[in-house]
Amino acid sequence: MKIKALNGFKDIVPGEVELWQKVENTARDIFSRFNFSEIRMPILEKTDLFARSIGEATDIVEKEMYTFVDKQITMRPEATASLLRAYIQHGLHVQKPIQRLFTIGPMFRHERPQKGRLRQFHQMDVEVLGTPNPRVDAELMAMGAMLLEELGISVSLEMNSLGCPVCRPGFRETLLAFIDERRDELCDDCKRRSKTNPLRVLDCKNPKCREQVEEAPSIQEHLCDDCDEHFASVQKGLQDLDVEYSLNKFMVRGLDYYTRTTFEFITGDLGAQAAVGAGGRYDGLVEKLGGPKIPGIGFALGMERLVLLLQQQEEVKIDSGQVDIFVAGLGEKASEFAFPLVHILRQNGLLTVMDHEGRSLKSQMKQANKVNSRFVLIIGENELEQGQAVLRNMANQEQQEITIQSNNNEMASSLLQRCQQ
RNA sequence: GUGGGUGUAGCUCAGUUGGUGGUAGCACCUGGUUGUGGCCCAGGAGGUCGUGGGUUCAAGUCCCAUCACUCACCCCA
């Protein structure tokens, strides 16, 4: 084989795509129960959009974006920036003060692929624009939990507050002072991080660093009054909805735009990729992108990760579409008669299969069995002569005769009746 | 970008100290029933042994390079 898919890019073939459909269908169902509307955006955007929203200094923008340098165009590495761009461009905030939107699609990041992480990956992204209400934070987390539960995926929900422009700078200083005291004990990555993004030192995986930051100041104790009240209200909301969660003062997000509430749905079954979904509030982002001062919150679910988890489960039953009727034509004459009949059955809504390869009846019966067909209609030279085709019920092996009519529509309707019993 | 592991049929894998690629399983096709599925049985088809060099009388096997896959780091959904 000469040409293969690119490294980090995957085909989703029949047999696997059914799981994707299950994930997507379940999500659409839940999202609509929560009154979310779908929005679809282009995959290409101006590079600047992502630099401004995600942050110039983040790894995503610095080294992971697929960019057409000469045109200053980038394939989106995440959905929120594009979604907000569309939201602002179309004045959706004017049409409705509070917008509840979701989008599903591919994202692109030039990272080294590994389990649960590809260069083209797929996210389901949910955003609520136009309200700072902490109840919405809780509602969103509850929706994520509901979706995962409905899929049969068990995760834990962890949350934190990152404060806001009022209180975070102060905390940052406090944390920096703490880090500086034990800089020598930290790993090289953390030494670097302490300069670029000190908060990230908190969620380093290195055991030595973990030990060091164990006693680190908690942002939860350095929130300003507004953020503190918001944080408490979110938790109250979660409790009201019986959503299980735990607080994680070490949880930091990688994107610059987050404020206040951040959360992750975590699993232990995906190796290094613990987060199947994550998000948070971004109250300054719309304004930063040139829109009005409008608060927002959202989260994304990684579809590859959800599908992997479903595949790991013992028995995931996929009900592959059952075939209603398999039409077995024997010989050229019979096949020629059956060909248009099959078309009319399909026009009438029956999932109909016909083999065009001139195989033996036995072979066609095997195929019918394999595609799980409920009925087989046998039409051979004999049947044509006698004017009676045979309809076999594959489940109970009963066979009945069907009068062959020159008018295909009449024959189709009599087949329809029998197949629908 | 860095490090480890792995590349043999569509898939899962055997392959000894180098000596002709496997009666292997699943899947596929045909037959066992001149026209009736699942189970069973028989047969068949399917391979540049990732690619390119090298060592050797001889390389799937040893050496080098390269590509791909994979896991992990970084980072993230």
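Proteins come first, then strands; the chains are lettered A, B, ... in the order of their sequence lines, and each starts at number 1. Remember, predicted model here, so these are calculated numbers, not experimental data.
Comparing B:U36, B:G38, B:C73 by their closest approach to the side chain of A:K366 singles out B:G38. Here the side chain of A:A272 is nearest to one of B:C76, B:U36, B:A72, namely B:A72. Side-chain atoms of A:S360 lie closest to B:G31 of the nucleotides B:C75, B:G35, B:G31. Checking B:A77, B:A72, B:C69 against every side-chain atom of A:K115, the shortest atom distance belongs to B:A72. When distances are taken from the side chain of A:K362 to each of B:C69, B:C75, B:G31, the shortest belongs to B:G31. The nucleotide whose nearest atom lies closest to any side-chain atom of A:R112 is, among B:G1, B:A77, B:U36, B:G1. For A:R117, taking side-chain heavy atoms from C-beta onward, the closest of the listed nucleotides B:C29, B:C76, B:C75 is B:C75. Checking B:U70, B:G37, B:A77 against the side-chain heavy atoms of A:M365 singles out B:G37 as nearest. For A:S363, the side-chain atoms get nearest to B:U30 when compared with the rest of B:U30, B:C73, B:A77.
Between the side chain of A:R172 and the main chain of A:P198, no donor-acceptor pair closer than 3.5 Å is present.
If you check distances only, the side chain of A:Q397 never reaches the base of B:U36 with a donor-acceptor pair under 3.5 Å. With hydrogens and angles left out, the side chain of A:Q364 and the base of B:G35 share no donor-acceptor pair within 3.5 Å.
Separating the CG atom of A:N7 from the C1' atom of B:G7 is a distance of 14 Å, rounded to the nearest angstrom. The interatomic distance linking A:E64 (CD) with B:A77 (C1') rounds to 12 Å, in whole Å. A:E16 places its CD atom 14 Å from the P atom of B:C11, with the value rounded to the nearest Å. As a whole-Å value, the separation of A:K370 NZ from B:U30 C1' is 12 Å. The nearest whole Å value for the distance from the CD atom in A:Q386 to the P atom in B:G35 is 15 Å. The separation between A:Y257 atom OH and B:C76 atom P is 11 Å, rounded to whole Å. Separating the CD atom of A:E111 from the P atom of B:U2 is a distance of 16 Å, rounded to the nearest angstrom. The distance between atom CG of A:N382 and atom P of B:U34, rounded to the nearest whole Å, is 13 Å.
For the C1' atoms, the distance from B:G53 to B:C67 is 14 Å, rounded to whole Å. Of the P atoms belonging to B:A27 and B:U34, the separation is 25 Å, rounded to the nearest Å. One C1' atom belongs to B:A9, the other to B:A65, and the distance between them is 27 Å to the nearest Å. Comparing the C1' positions of B:G52 and B:U12 gives a spacing of 29 Å, expressed to the nearest Å. When the P atom is used for both B:G47 and B:U66, the distance is 30 Å, rounded to whole Å. On the P atoms, B:G21 is 14 Å away from B:U48, given to the nearest whole Å. Comparing the C1' positions of B:A45 and B:U61 gives an interatomic distance of 28 Å, to the nearest angstrom. Only the P atoms considered, B:A72 is 43 Å distant from B:U30, to the nearest whole Å.
Between A:Y87 and A:H93, the ring planes are tilted. Angles from 30° to 60° get that label.
Nearer to the 5' terminus of RNA chain B, by closest-nucleotide assignment, is the contact made by A:G380 (compared with the other of A:G277 and A:G380). Along RNA chain B, the nucleotide closest to A:E264 and the one closest to A:K10 are compared, and the more 5′ of them pairs with A:K10.
Under the Watson-Crick or G-U wobble criterion, with both distances below 3.5 Å, B:C62 is paired with B:G54. Under the Watson-Crick or G-U wobble criterion, with both distances below 3.5 Å, B:G43 is paired with B:C29. Under the Watson-Crick or G-U wobble criterion, with both distances below 3.5 Å, B:U6 is paired with B:A68. For B:C73, the paired base is B:G1 (Watson-Crick or G-U wobble, both distances below 3.5 Å).
For the pair A:R182 and A:F178, the cation-pi criterion (under 6.0 Å, within 45° of the ring axis) is fulfilled.
A:A412 approaches A:I344 most closely through the heavy-atom pair CB-CG2, 3.5 Å. Among all heavy-atom pairs drawn from A:K22 and A:L151, the shortest one is O-CD2, 4.2 Å.
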Would you list the atom pairs, donor with acceptor, under 3.5 Å between side chains in residues 376-386 of chain A and any protein atom, with sequence neighbours excluded?
unit_1	atom_1	unit_2	atom_2	d
A:E383	OE1	A:G380	N	2.9

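In the model, A:Q399 has a side-chain atom that pairs as donor or acceptor with a side-chain atom of A:R392 under 3.5 Å.
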